[in-house]
Amino acid sequence: MKPSPNATDSSQRPLGDMGGPRRILHIFMAFALVLGCFSSDDLQGWKNVNGLKGAMYAEMLYSRACVKLLNISGPQGCEAPDQQLVTAPLVHSKDLGIPFEGQRVVVVPAAEADSFLTRFLGDPTLRSRVAGVLVDPTTGRPSHHSTAPKFPSAAFAPYDSPSYVWNPYGTGFNRQWFGIPIYMLTPALANETARRAAYNADNEFKGGRHVARMQLPMYAQGDSATCITDQTCLPVGGYGVWTAVPPLPDTNYSSVPPRNITLLVAQMDSNALFHDLARAAGSSVSGLIASLVALTLIAQSDAPPTYSRQLVFAALPGEGFDYMGSKRMLYEMDLGSKFVQGIKMDLVDQVVEVGPIGSAWDAAANASTFFLHSQRSGGYGSAAALVAAAQAAAAALDPPRVRSQPASASTPGLPPSSLSSFLRVRPSVAGLLLADFDTAFRGPYYQSEFDDSANSTLAMVEAIVDASLLLATTLHSLAAGPDTPPLEPNRTRAALLTAQLGNCLLVDSPGLRCPLATQLMNPDISVSYDGSTSAAISAYPGVLSWVAADPRSSYFKPNLPRFLFNYLGNLTAVPLSNTTNTTTGEGAACDPNQNICKPPYACIGWRYGTKDPAGMGRCRNTTTNYVPAYSTRLVYSLVGSYWRWSVNSSAAAWDSTYGWPTDPMWTESNWPAQTPTLTVFQEESRAVQVATLVVGVLLTAGTAGVSWLGIKIFERHIKIQ
Ligand SMILES: *[C@@H]1O[C@H](CO)[C@@H](O)[C@H](O)[C@H]1NC(C)=O
Ligand SMILES: *[C@@H]1O[C@H](CO)[C@@H](O)[C@H](O)[C@H]1NC(C)=O
Ligand SMILES: *[C@@H]1O[C@H](CO)[C@@H](O)[C@H](O)[C@H]1NC(C)=O
Ligand SMILES: *[C@@H]1O[C@H](CO)[C@@H](O)[C@H](O)[C@H]1NC(C)=O
Ligand SMILES: *[C@@H]1O[C@H](CO)[C@@H](O)[C@H](O)[C@H]1NC(C)=O
Ligand SMILES: *[C@@H]1O[C@H](CO)[C@@H](O)[C@H](O)[C@H]1NC(C)=O
Ligand SMILES: *[C@@H]1O[C@H](CO)[C@@H](O)[C@H](O)[C@H]1NC(C)=O
Ligand SMILES: *[C@@H]1O[C@H](CO)[C@@H](O)[C@H](O)[C@H]1NC(C)=O
Ligand SMILES: *[C@@H]1O[C@H](CO)[C@@H](O)[C@H](O)[C@H]1NC(C)=O
Ligand SMILES: *[C@@H]1O[C@H](CO)[C@@H](O)[C@H](O)[C@H]1NC(C)=O
Ligand SMILES: *[C@@H]1O[C@H](CO)[C@@H](O)[C@H](O)[C@H]1NC(C)=O
Ligand SMILES: *[C@@H]1O[C@H](CO)[C@@H](O)[C@H](O)[C@H]1NC(C)=O
């Protein structure tokens with residue numbers, strides 16, 4: 001129950017809640033760590049003794065699990081059945097032939113996980129024998145891995161060819177119900193687990209077996225409509241960001257005439273079986289960075305004031321969930337909501353989408369190849385002008401290492417893309433999708449935790465630089481007016497910007513602790529149970545605890561949209577002059593709580609505190625806004641005296657006007673604090689257990705004092721912070 005829009009239940013979802021106050025969450029996690037060291041939770045009394053425990057137990061806390069999502073037809077993903085602890089002996093997948101009665105927890109090398117899980121889903125006997133699965137990432141990366149179907153969200157395409165294969169490696173696991181716990185091990189735990197599974201196999205599962213104990217209870221039951229009503233789940237969703245180049249002088253168009261809009265879109269996140277590991281480097285984030293670099297090159301040139309068209313950029317979240325982000329944005333436009341004030345769909349007549357581009361660079365040729373996709377049949381707007389602009393742009397670039405070519409006519413049409421949403425609502429739009437593939441995806445890790453650039457950062461950076469130059473030149477030529485000077489994009493500058501942004505968004509370290517981000521915001525740092533910290537972006541959209549009503553408030557926004565908002569706001573804002581009145585209005589010091597900027601100004605560069613002047617932002621003249629993404633069947637509103645989510649049919653008429661497929665209404669189950677956890681340990685015979693319990697009880701009494709001391713020290717630590 002949430003008493004107000006600002007209430008959160010972040011304590012319930014240590015890593016899942018992207019909408020909640022992360023600082024509280026981190027304190028909570030640190031606290032849980034301390035408690036975890038001292039609490040006794042079962043018969044294994046020796047667990048209370050840290051030294052002893054280290055030898056016998058290995059744990060992984062609050063992360064790296066597949067969890068339960070629900071859509072309107074049912075569950076997807078993982079849970080511990082009946083919310084029970086699941087404990088079973090460890091076995092390596094290669095030793096499954098060793099006879100053993102009962103269920104086992106199977107350790108599977110990452111490269112074999114696809115085939116094992118496919119067998120699990122199709123083989124009822126195997127299914128009945130497997131209590132859980134632990135994926136071992138240390139034995140080599142799979143050469144390809146994609147949890148999306150072979151034609152992701154085929155029902156949303158502007159044509160009917162559901163059996164066409166766009167994603168050759170797709171397993172469709174993100175549309176499957178496993179119903180057991182599945183974890184991705186850390187390298188350290190993988191080592192432990194391999195050793196213990198080998199011990200079991202060597203002893204043919206006799207004697208003191210090594211087991212895995214998995215805590216993965218999921219509260220939501222049934223389907224997403226049920227769990228929203230029961231308040232046992234939250235909508236999958238997040239915040240996108242859009243900006244106008246140059247800023248719109250009047251978002252109501254009451255004092256200036258509207259201009260036709262060229263809309264650039266990029267997806268900003270993705271999906272994966274293990275949500276907290278999703279990075280979407282090659283499939284989404286490389287296109288996002290290319291867009292940011294292209295916009296930077298344009299915005300920092302003299303050109304935008306001379307454009308005859310308005311340039312708008314939107315970074316869309318949740319597109320891996322049946323285009324939730326673009327659909328919601330289009331619906332907000334239809335409502336004329338404040339989140340999208342200034343962009344009307346009847347002004348948008350050109351849409352350029354940057355799709356997956358991470359695999360565009362070919363090292364042998366020292367060149368990148370981009371394919372220009374559009375929807376040819378079905379009476380949609382002609383993309384000829386956009387295709388011509390992109391081809392001319394590539395030809396004009398020097399050195400000539402950017403190639404662009406129209407996509408093959410042998411495909412059924414537009415590949416899976418956000419553009420399909422815009423075409424659905426306004427078919428006359430001229431739409432172009434820029435991608436690294438022609439007839440099928442080239443990137444091997446579409447919607448996978450392995451799409452992390454680890455193995456291919458250099459190649460991705462080359463592709464991003466090339467894409468950014470192509471995009472900047474293409475957009476410039478589309479938007480140019482009669483007095484627009486030519487844009488001469490500087491490759492060195494593009495490469496520098498790509499390196500800076502890649503440092504923030506493409507790699508885990510520093511992640512958003514990069515200089516570019518810390519100049520503009522205070523990134524939330526996630527603290528892991530082993531004490532390590534990270535500011536890596538999350539490329540799973542997360543869940544929305546509530547909808548923040550102010551489209552320009554950075555308060556409690558997750559790291560990635562907050563970075564985009566501040567970067568784009570700083571980039572597109574009218575420069576501050578030394579005559580600006582900084583007492584009120586433009587240039588005034590601001591924060592999102594007390595010193596709130598008057599519209600149309602946005603608070604850019606707020607970093608921390610409400611009193612420290614160094615942490616304040618500045619009110620800037622920029623058209624940059626957050627826009628939420630969540631199912632159009634859900635509303636967040638006051639029900640009785642409580643703010644809460646409910647299922648609502650107010651969008652049904654709009655849905656049917658444009659013939660949207662059934663809205664899947666993606667939600668994520670709630671789960672209790674201090675889950676998911678995974679513990680591996682050796683089970684002793686019954687007699688040893690009893691003896692150890694006695695010793696354990698004695699030792700617990702001894703450690704109680706230490707525990708009290710630990711908590712005191714910890715409290716002091718919080719206060720100092
Ligand atoms: C919900 O997900 C299941 C698979 O998990 C899928 O078969 C079904 O089509 C989805 N429902 C909708 C309305 O998209
Ligand atoms: C586990 O780690 C130890 C020490 O780091 C190493 O010697 C051993 O080979 C590793 N075992 C496995 C199975 O990887
Ligand atoms: C913001 O900038 C635009 C473009 O330069 C200008 O037309 C507009 O008057 C400015 N608005 C405010 C409130 O300063
Ligand atoms: C635009 O319209 C909205 C709602 O009608 C109004 O609240 C706002 O003040 C207007 N803004 C401008 C800049 O005229
Ligand atoms: C804007 O687009 C409409 C068609 O959507 C077209 O008729 C009109 O000429 C365009 N205006 C400009 C200034 O390009
Ligand atoms: C590849 O192209 C870049 C940019 O034109 C150039 O700086 C570099 O020297 C080229 N590398 C090779 C191996 O030709
Ligand atoms: C990833 O690394 C492996 C081994 O280091 C190598 O064989 C493979 O070609 C690399 N893949 C890419 C895309 O760089
Ligand atoms: C390109 O950018 C680099 C780095 O910002 C700069 O040193 C160089 O002078 C620029 N080149 C041109 C032709 O503007
Ligand atoms: C903010 O914008 C200013 C002016 O364009 C620029 O000099 C500065 O580098 C930008 N800051 C960041 C962190 O991008
Ligand atoms: C403001 O800046 C202009 C040039 O940018 C300069 O000529 C003027 O002296 C400055 N005024 C003050 C008060 O600093
Ligand atoms: C700034 O604006 C406020 C309110 O409009 C006004 O009272 C103040 O005198 C202005 N300051 C300057 C330096 O112009
Ligand atoms: C649905 O949402 C709309 C807009 O928030 C609201 O006016 C309406 O009362 C809601 N309907 C139901 C049945 O809750």
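Hydrogens, waters and symmetry mates play no part in the numbers below; they use all other heavy atoms, side chains included. We count residues from 1, following the sequence as given. Both ligands and their constituent atoms are indexed starting at 1 by order of listing.
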So between Asn490, Thr492, Leu496, whose heavy atom ends up nearest atom 10 (C) of ligand 8? Asn490

Among Leu638, Asn648, Leu634, Val635, closest by heavy atom to atom 2 (O) of ligand 12 is Asn648

The side-chain contact (heavy atoms from CB on, under 4.5 Å) partner of Val352 among Leu475, Leu311, Val265, Thr474 is Leu475

Note the single closest protein heavy atom to atom 14 (O) of ligand 9, along with its residue, its atom name and the distance in Å. Asn570 ND2, 3.5 Å

Below 30° counts as parallel, above 60° as perpendicular, anything between as tilted: where do the rings of Tyr630 and Trp645 land? perpendicular

Heavy atoms of the protein only: does one fall short of 4.0 Å from atom 7 (O) of ligand 12? no

Please confirm whether Ser650 comes under 4.0 Å of ligand 12, counting heavy atoms of the residue only. yes

Can you check whether a protein heavy atom sits less than 4.0 angstrom from atom 4 (C) of ligand 9? no

Fit a plane to each ring of Trp666 and Phe321, take the angle between them on a 0 to 90° scale, and name the class: parallel (under 30°), tilted (30 to 60°) or perpendicular (over 60°). perpendicular

Examine the proximity of ligand 9 to Leu520 and report which part, side chain or backbone, both or neither, has a heavy atom under 4.0 Å away. side chain

Run the disulfide bond (SG atoms under 2.5 Å apart) test on Cys504 and Cys514 for me, step by step, so that the C-alpha distance in whole Å, both residues' side-chain angles and the decisive distance to 0.1 Å come before the verdict. CA-CA 5 Å; Cys504 309; Cys514 62; 2.0 Å; yes

Do you know which two heavy atoms are closest between Arg562 and Asn522, and how far apart they sit? NH1-O, 3.1 Å

Please state which protein non-hydrogen atom is closest to atom 13 (C) of ligand 9 and give its distance, to 0.1 Å? Gln519 OE1, 3.1 Å

Which residue is it: Ile464, Leu505, Leu497? I am looking for the one with a side-chain contact (heavy atoms from CB on, under 4.5 Å) to Leu292. Leu505

